[in-house]
Amino acid sequence: MAAAAARHGLKSGMSLDLTCMDDDGTPWDFRIAAKQEKARALLRAQKPALLVVSPMCGPFSSWMSVNYQHMSTQDAKDMLEQEMRHLVFAISLCQEQVLAGRYFVFEQPAG
């Protein structure tokens, strides 16, 4: 999103995801509590007018109905629990935006 905004002459913010490296040289993996807190601190410091969140859809996608059949119950449960923590974190950032009088877009394709 940041690159697309810049191409259209808009002020772009930052992208924090697994494809982007933090200043410590590691990806922004929000399964890690320290990365969540660092991202939350950035949100509070930068106060973006618009926050775009796009949690991973993998474990919740319709294709996973096929994959789950080939996984142990515990592995499937662990995967879903991990992604639920990530989803809860994403929603908490959206809530923080609203409480600060700012906007968010929650991108998650249907299906």
Side-chain angles (χ1 to χ4, degrees):
M1 290 301 297
R7 281 194 305 272
H8 292 282
L10 300 171
K11 182 180 176 188
S12 63
M14 58 192 160
S15 295
L16 307 179
D17 63 31
L18 289 172
T19 67
C20 300
M21 295 300 152
D22 188 358
D23 58 8
D24 64 6
T26 62
W28 284 94
D29 186 346
F30 292 129
R31 295 172 293 187
I32 300 168
K35 294 293 183 185
Q36 289 184 4
E37 290 312 309
K38 195 169 185 178
R40 191 178 306 283
L42 282 169
L43 179 73
R44 290 174 179 165
Q46 294 191 5
K47 299 179 172 122
L50 177 67
L51 172 71
V52 179
V53 295
S54 184
M56 292 186 286
C57 63
F60 304 113
S61 76
S62 57
W63 283 101
M64 283 305 292
S65 62
V66 174
N67 294 336
Y68 284 133
Q69 297 174 36
H70 304 289
M71 296 173 70
S72 73
T73 301
Q74 189 60 49
D75 285 347
K77 181 180 177 192
D78 290 347
M79 179 187 285
L80 286 168
E81 284 178 358
Q82 190 172 51
E83 283 311 309
M84 283 302 296
R85 283 192 299 272
H86 185 247
L87 188 59
V88 167
F89 169 66
I91 292 169
S92 75
L93 294 181
C94 295
Q95 290 173 321
E96 193 160 330
Q97 276 289 99
V98 169
L99 292 173
R102 299 187 303 262
Y103 302 97
F104 73 89
V105 172
F106 191 96
E107 187 274 330
Q108 189 63 38

Quick check for you: to the nearest 0.5 Å, what is the distance between Leu42 atom CG and Glu37 atom CD?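 Interatomic distance, Leu42 CG to Glu37 CD, rounded to 0.5 Å: 11.5 Å.
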
Does OH belonging to Tyr103 count more than 12 external heavy atoms closer than 6.0 Å?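 Open: at most 12 neighbouring heavy atoms sit under 6.0 Å from OH of Tyr103.
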
Indicate every side-chain donor-acceptor pair of residues 75-85 with a distance under 3.5 Å to a residue at least two apart or in another chain.
from	atom 1	to	atom 2	distance (Å)
Asp75	OD2	Ser72	OG	3.3
Asp78	OD1	Gln74	NE2	2.7

List the atom pairs, with distances to 0.1 Å, where a side-chain N or O of residues 27-36 and a protein N or O form a donor-acceptor pair under 3.5 Å, not counting sequence neighbours.
from	atom 1	to	atom 2	distance (Å)
Asp29	OD1	Arg31	N	3.0
Asp29	OD1	Arg31	NE	2.9
Asp29	OD2	Arg31	NE	3.3
Asp29	OD2	Arg31	NH2	2.8
Lys35	NZ	Asp22	OD2	2.7
Lys35	NZ	Asp24	OD1	3.1
Lys35	NZ	Asp24	OD2	2.9
Lys35	NZ	Thr26	OG1	2.8
Gln36	NE2	Phe30	O	2.6

Would the distance check show the side chain of Gln97 and the main-chain N or O of Pro48 forming a donor-acceptor pair, the cut-off being under 3.5 Å?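 Checked: pair present.
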
Considering only residues two or more places apart or on different chains, which pairs with a residue in residues 89-99 satisfy salt bridge (Lys or Arg N to Asp or Glu O under 4.0 Å)?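 Listed by first then second residue: Arg40-Glu96, Arg44-Glu96.
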
Tell me every residue that passes side-chain contact (heavy atoms from CB on, under 4.5 Å) with [X], counting only those two or more places apart in sequence or in another chain.
X: Thr19; answer: Asp17
X: Ala5; answer: Leu10, Ser12
X: Val88; answer: none

Nearest non-hydrogen partners of Arg102 and Leu43, listed with the distance: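 Looks like NH2-O, 4.0 Å.
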
Mind checking ring-ring contact (aromatic ring centres under 6.0 Å, His included) for Phe104 and listing every partner two or more places apart, or none if nothing turns up?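 Counting only residues at least two positions away or on another chain, Phe104 forms no ring-ring contact (aromatic ring centres under 6.0 Å, His included).
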
